[in-house]
Structures are given as C-alpha cells and as structure tokens.
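Take a look at the structure below.
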Amino acid sequence: MPTLASADVILIPAPGVDIVAVNGVSVESNSFFSDTSRIQLDNGQHQIVAEYVAEIEESADDYLLEKSDTFVLLFNANDTTLNLSAPAISSQYALQTFNQGNQWQLTRTDGTPVEFTTGKLEKEGFQLGRDYEKELKRFNHTQAKAALPALATDTHSFQSSGASIHSSETGITDQKMAGEMLQFWYERADQNTRDKFKSWIKTSQ
Amino acid sequence: MKKLLLAVAVSVAAGSASAATIYEGKGLTYKINGDLQVQLRQKVGDDKNPDLEFDDLEIKNYVSYDLGDDMKAFGRVDFGFKDAANNSEKAEGKEDVALEEAYVGLAFGNTSVSFGKQNFATDEFGIEEAIELVSDEDQFDARGTDGDDTIRLDIELENTHIAASYEMEAEGSGSENGEYFDLFASTEIGNLTLAAAYQDLQPVNAASIDTWGLSAAYDAGFATFAADYSTSDDIAKQYNLATVFAVAETTKVALGMVNIDPETGDDVTEWYANVTYKFPTQKNVSLFAEIADSDEDGADMGYLAGMRVKF
C-alpha cells in the first residue's frame with residue numbers, strides 16, 4: 001500500500017473492499033497476515049479504484065466469491081480519516097443492484113458522508129492481469145464524472161502525489177546521489193515540467 | 001443444502017481474490033471458480049479412525065451471454081474430484097471424476113429458468129452450520145435435493161427468494177430416480193429471515209412422501225441465532241439449532257445441534273462446535289477445526305481440522 005508518514009488523510013477500506021489503484025498508481029497488498037490495509041494520502045483531491053468481493057451464499061458449506069464491477073471514485077478530503085464500504089451483499093440480486101448503481105459509502109469516522117463522484121472502469125476481453133494504470137489513463141481522458149484529467153498526462157503532476165514516498169522511508173538513500181539525480185532529471189525536463197516542479201516545491205514547503 | 005444466511009462478518013481486507021473472470025466482452029462472460037478443502041478427520045461414531053479427507057475439490061465453469069432487453073442465456077458445468085481423491089482405486093465406480101452440475105438456462109431480469117443436472121428448490125432450505133455432519137442436514141437432504149432431469153425456476157427480489165423445481169421421473173432412462181416437485185420461499189424482515197419449503201416425492205414403485213420445513217434466523221448483531229424444523233410423512237421429524245458469532249475480526253465460531261426423531265426407533269442428537277479463521281488479506285483462504293459428538297450408542301467424539309482455498 002502507498003504510505004506517507006506525514007499524511008493528512010487516512011483511507012480505510014471495509015472488509016471485502018479492495019482498493020486496487022490510488023491516483024493512477026496500482027496498489028499492491030501488504031503481508032498475507034496483515035490487516036493494516038489503510039491508505040495514507042495528502043490533503044486534496046484523490047482518485048481511487050475499488051472493487052468489492054462478495055460472498056454469495058450457495059449451499060450449506062459453500063459460497064461463491066464474486067467480485068463486483070470495478071469502480072473509480074473521485075473525492076476531496078482534508079485532515080480526516082475516511083472509511084470506504086459497501087452494503088452487505090450475499091445474493092446475486094444484491095450484487096447486480098450494486099453493479100448498477102452508486103452504492104459505495106465513503107464516510108468520516110463519525111459517520112458523516114463525504115461527497116464523491118463515481119464511474120466504472122471497464123475492460124473488454126480477457127480479464128486476467130488487468131493493467132489498471134493503463135486503463136485509468138484512458139479513463140481520465142474521457143468526460144466521465146470521476147475522471148481526473150491531471151492524471152491522464154504522461155508528465156508528472158507534482159500536486160497529486162498520493163502514492164509518493166516520504167523521505168523518512170528513504171533514510172538510507174545516498175543524499176549525494178539524490179542531489180545528482182535531481183539535477184540530472186531537471187536538466188532533462190522540458191519547460192512545462194520544470195514549471196510544475198517549481199510550483200510543487202513552493203506549495204509543498 | 002443451502003443455509004439461511006448466518007451473517008456474522010469475518011473481517012477481510014484488501015487483496016482478496018475471487019472468481020476468476022476469464023473473459024468479459026461483447027456480451028460474453030466466462031468465469032471459473034475453484035474450491036479445495038482438505039481436512040484431517042475422525043468421524044463421530046463407534047471405533048472410527050482418522051484419515052485425510054477431501055471434502056471439496058471442485059472446478060466450476062460459468063458462461064453467460066447478454067441477449068439484450070435485460071435477458072441473458074447462461075450455462076454451468078461443475079466437476080468434482082473428491083470421490084477420486086477419497087477412494088482408493090479398489091472402490092469400484094467411485095474413482096471417477098463426478099459431473100456435479102450441468103445446466104443451461106435463461107434469465108429475465110431477476111427471474112431465471114434452468115434445465116439439466118442441478119439442485120432442487122428445497123436444497124435452499126436449512127440453517128445447520130457444521131463443517132461436517134454424520135446426520136442428514138434436514139429431511140429434504142434425507143429424501144434427496146438434486147437430480148439429472150430438473151427444471152428449476154428462481155425469482156430473486158430485494159428481500160425475497162422464491163424457487164420451484166420439478167424433477168422428471170425419466171422412466172426407463174439411465175437417470176430414472178423418482179419424481180420430485182419442490183417449492184422454497186424465504187424472506188428477510190429486518191434482522192429476521194424466515195423460510196418455508198415443501199417437497200412431494202413420488203419414488204419409483206412406492207408411495208409418495210410429503211416433506212415440509214420451516215426455518216428462522218435472527219441476526220442480533222453480536223451473533224446470529226437460527227432454528228429449523230422439517231418432517232417427512234411417516235418417516236422422521238428433525239430440528240436444528242445453531243448460533244454463529246465472531247470472536248475476532250478474522251475468526252468466527254459456530255455451535256449447533258441436530259435432532260432426528262424417526263417414526264421407529266430412538267431419536268439421535270448430534271452436536272458440534274467449530275471455529276473458522278480467515279486470513280485478513282485473503283477471504284478465500286480459511287483454516288478450520290471442529291469437534292462433534294452424538295448420543296448414539298457407542299459413538300465416540302469426532303474431530304477435524306483442515307484448510308480451504310477458494311477462488
């Protein structure tokens with residue numbers, strides 16, 4: 001999971017909710033034995049991709065695991081902890097209903113809802129090994145309500161760095177090399193990217 | 001047998017895998033489910049010995065075509081390998097891979113009609129929560145709840161499920177096994193789930209048998225409590241009691257008992273207690289253990305422990 005030590009927004013998925021991408025970046029799950037699936041984000045606007053895995057009751061000692069359609073959620077949040085959940089789903093009927101409409105629940109810890117827009121991330125054809133990052137780039141080029149055009153460009157958007165790594169996590173990084181790399185890539189960047197970088201430096205102080 | 005939902009949530013987090021949707025496009029969906037359960041078990045009974053038992057070894061294939069206007073055509077083929085795994089090669093006729101379900105059908109919104117080898121409507125009945133049971137789960141299970149020549153109708157509404165099925169006698173064919181007509185209905189009213197079922201069985205060359213049953217389950221938040229009662233004319237009466245509760249975010253416990261009172265002979269009570277742990281990041285992987293006993297003469301306590309992997 002992407003983490004940020006100085007994060008201002010914490011997003012906690014409810015049981016069964018699977019967040020597969022954050023701000024255009026695919027999310028890998030933590031340890032097999034860990035349930036610390038919380039995601040830490042900066043204040044501001046974020047786009048996540050979520051799925052729900054439902055246990056559809058089928059027989060006495062049997063059930064089917066069925067995954068919902070893949071949804072994109074776009075929301076704004078500052079200095080808060082959010083819970084992302086879905087209604088209880090135990091039948092094909094309930095799953096179909098969930099897939100048809102917007103039944104996601106994004107709430108603060110006190111239960112107050114957080115506004116968000118949502119859309120479906122759909123892929124035609126073989127579904128194994130989906131490339132969510134590529135799909136999101138296409139999605140963000142569309143007019144969908146949950147699209148975030150800033151993530152559609154290949155140039156880095158310095159303001160939406162929810163998946164960035166805080167310096168405390170790179171304590172052993174060679175600072176001399178980091179400086180050289182910064183200089184190297186700055187010199188290789190075009191003017192537009194340099195301007196964005198400068199703006200990000202100013203706003204992140 | 002289908003249970004009423006004993007909905008004690010066991011916490012799972014991100015990363016869970018589920019049915020593998022292999023292909024989805026141009027109206028076609030193809031999914032594969034798998035279910036592997038292996039356990040060390042000593043059965044309840046007199047002088048039983050432990051062995052490694054394969055409960056579920058299944059591969060399920062599901063395909064559907066969107067026909068437009070909220071109409072879908074679907075088909076399902078399930079293969080089971082547990083008999084092949086459980087029985088030695090000396091067990092004549094038992095070493096084959098079993099075709100567990102094979103049917104096709106049409107769905108119109110929330111209504112579906114299917115034809116083929118499948119479960120009867122009364123298979124939906126029952127609240128028993130044991131991992132394994134020596135006794136029949138209920139009187140429908142005792143009479144039979146699946147067939148080869150079955151036509152089934154299902155209607156799923158927001159809080160109600162209605163099902164009806166008809167198993168043809170298929171006289172003279174290889175699948176001749178009597179004629180069954182089954183009905184099932186369940187409804188949720190707040191935290192209470194109620195269900196009723198009825199089966200009319202006309203065995204080959206024997207008198208017909210009527211079976212009916214009622215069940216109720218109440219979700220009290222901290223635990224779910226459930227009971228069912230079923231009876232077959234002139235054969236037996238049976239009831240189940242069960243409760244399920246979470247003892248941790250990843251762990252649930254079930255306690256239950258089943259009593260069968262036959263028309264002739266003594267009644268038998270079997271009880272069980274089991275615990276199931278699901279890995280936090282993978283709801284499709286669980287570890288479980290169970291103890292069970294019965295008041296049948298000479299019966300010793302049974303136990304099992306195992307692992308289940310689903311996708």
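Predicted model only: the values in this text are computed from it and were never measured. The sequence lines fix the lettering, A, B, ..., with proteins before strands; numbering per chain opens at 1.
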- Item | Short N-O contact, A/Glu55 and B/Lys278, less than 4.0 angstrom |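 Between B/Lys278 and A/Glu55 there is a salt bridge, with a charged N closer than 4.0 Å to a carboxylate O.
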Tell me, yes or no, whether the heavy-atom count around [X] atom [atom1], taken from other residues, nucleotides or ligands under 6.0 Å, exceeds 12.
{"X": "A/Lys120", "atom1": "NZ", "answer": "yes"}
{"X": "B/Lys117", "atom1": "NZ", "answer": "yes"}
{"X": "B/Phe108", "atom1": "CZ", "answer": "yes"}

Side chain, backbone, both or neither: which part of [X] has an atom under 4.5 Å from a heavy atom of chain A?
{"X": "B/Leu28", "result": "neither"}
{"X": "B/Lys60", "result": "side chain"}
{"X": "B/Glu158", "result": "both"}

- Message: For a quick test of reading the model, state the closest non-hydrogen atom pair linking A/Glu124 to B/Gly25 and the distance between them.
- Response: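 The pair with the smallest heavy-atom distance is OE1-CA, 3.6 Å.
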- Query: What's the shortest heavy-atom distance between B/Asn110 and A/Gln96, and which atoms?
  - Reply: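 The answer is OD1-OE1, 3.7 Å.
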- Message: Using the ring-ring contact (aromatic ring centres under 6.0 Å, His included) criterion, which residues pair with A/Phe126? Sequence neighbours excluded.
- Response: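 Result, ring-ring contact (aromatic ring centres under 6.0 Å, His included) vs A/Phe126: B/Tyr23.
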- Item | B/His161 side chain reached by A/Tyr93 side chain, heavy atoms, under 4.5 Å |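 With C-beta onward as the side chain, the pair stays apart.
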- Message: Do A/Glu122 and B/Glu24 make a side-chain contact, defined as non-hydrogen atoms from C-beta onward lying under 4.5 Å apart?
- Response: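 They are not in contact (no side-chain heavy atoms under 4.5 Å apart), so the answer is no.
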- Item | Residues in residues 77-87 of chain A that sit under 4.5 Å from chain B, counting heavy atoms only |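 From residues 77-87 of chain A, none sit under 4.5 Å of chain B.
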- Given the options A/Leu64, A/Thr97, A/Ile12, which has more heavy-atom pairs under 4.5 Å with chain B than any of the others?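 Highest number of heavy-atom pairs under 4.5 Å: A/Leu64.
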- Item | B/Lys31 side-chain N/O to A/Glu66 backbone N/O, donor-acceptor pair under 3.5 Å |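 No, the answer is negative, given that no donor and acceptor are paired below the 3.5 Å cut-off.
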- Heavy-atom contact with chain B under 4.5 Å, split by part of A/Glu51: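 For A/Glu51, no heavy atom lies under 4.5 Å from chain B.
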